[in-house]
Amino acid sequence: MNIALLIAGGSGARMHQNIPKQFLTVNERPVIVYTLEAFQNHPEIDEIAVVCIEGWESVLWAYANQFNITKLKYVVQGGKNGQDSIRNGVFELEKYHSPNDIVLIHDAIRPMVSAEIISDCIRVTQMYGNAITVIPCAEAMIQTEDGIVSTGSYPRDNLKRTQTPQGFHIGKICNIHRKALNAGITNSVASCTLMIEMGEQVYFSAGSEKNIKLTTVEDIDIFKALLVAKRSDWLK
Ligand SMILES: C[C@](O)(CO)[C@H](O)COP(=O)(O)O
């Protein structure tokens with residue numbers, strides 16, 4: 001079984017809006033509904049779970065009902081950071097699923113995730129035990145300590161930009177979270193960084209520049225443009 005776990009536990013402070021960014025309405029649809037629909041419509045996804053910011057659970061269920069997201073089965077409370085929220089989600093799934101079932105952990109604020117990206121993440125997870133959606137690093141990368149000046153650079157060919165979904169077997173990712181807690185690792189940036197900090201290898205699946213993460217207000221303009229482009233593709 002393949003389960004999508006959408007992470008919607010954050011308040012989206014960098015968006016500077018008075019509602020969490022995953023619930024902002026863009027072109028008459030909440031952001032999270034676009035993301036739910038991507039997994040709802042994917043034939044290899046059996047169930048959806050959402051880690052939701054406290055107080056928004058009933059709104060989420062109402063949207064699932066309104067937009068016919070029939071695969072939504074679990075809504076879990078968010079934690080105090082991303083690692084906490086993801087752990088809440090995978091521990092909840094562990095109660096009802098086999099350790100070999102696959103969970104695709106995905107940012108709820110990546111609404112442009114495509115069927116191809118989801119399929120490739122499942123394929124690589126089946127093949128290697130995990131899959132991190134990545135894209136090449138197209139810009140020159142330079143390092144700074146103080147945000148003012150740089151004296152070092154990284155070879156971009158050795159770098160990947162990580163996205164979501166990130167796929168794992170449920171048993172494995174739950175064990176990694178347990179071991180991380182025991183080791184005092186409590187605020188890793190993402191599932192892939194947690195795996196690496198715990199000494200695991202991670203494998204790549206194919207992402208896209210269009211699989212945008214809505215972080216700041218200017219990302220909303222890019223999202224709107226991508227929606228227009230997608231609609232004109234459908235009309236061709
Ligand atoms: C998981 C992630 O999307 C990988 O690129 C990213 O790290 C999430 O960042 P956030 O700003 O903490 O949501």
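Just so we're clear, the structure is a prediction, and the values are computed from it rather than from any experiment. Every heavy atom of this structure was used, including side-chain atoms; hydrogens, water molecules and symmetry mates were not. In listed order, ligands and their atoms are each counted from 1.
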ask   = Going by an N to O cut-off under 4.0 Å, is there a salt bridge joining E209 and R161?
value = yes

Does the structure place the NZ or CZ of R178 under 6.0 Å from the centre of the six-membered ring of F91, at an angle of no more than 45° from the ring's axis? yes

**Prompt:** Does atom CD of Q143 have more than 12 heavy-atom neighbours from other groups under 6.0 Å away?
**Reply:** yes

For K213, the ligand 1 atoms with a heavy-atom partner under 4.0 Å come out as 3 (O), 8 (C), 9 (O), 10 (P), 11 (O), 13 (O)

Any heavy atom of R161 under 4.0 Å from ligand 1? The part involved is neither

Counting heavy atoms under 4.0 Å, the part of T162 that contacts ligand 1 is both

Atom 7 (O) of ligand 1: closest protein heavy atom, distance to 0.1 Å, is V189 CG1, 3.6 Å

What I want to know is whether Q166 and ligand 1 share at least one N or O pair that is separated by under 3.5 angstrom. no

Ligand 1 to D107, heavy atom cutoff 4.0 Å, flagged ligand atoms 1 (C), 2 (C), 3 (O)

Near T164 (heavy-atom distance under 4.0 Å), the atoms of ligand 1 are 1 (C), 3 (O)

Problem set entry | Exercise: do K213 and T215 side chains pair donor with acceptor under 3.5 Å | yes

**OP:** Determine, for K179 against E200, whether the closest basic-nitrogen to carboxylate-oxygen distance falls under 4.0 angstrom.
**Re:** no

When distances are taken from atom 12 (O) of ligand 1, the protein heavy atom at minimum range is R14 NH2, 4.3 Å

Open item on the list: If we ignore hydrogens and angles and just use 3.5 Å, is the side chain of N175 paired with the main-chain N or O of K172 as donor and acceptor?
Closed with: no

Students often mix this up, so state it plainly: with edges at 30° and 60°, are the rings of Y128 and Y203 parallel, tilted or perpendicular? parallel

Within 4.0 Å of some non-hydrogen atom of A190, the atoms of ligand 1 are 1 (C), 7 (O)

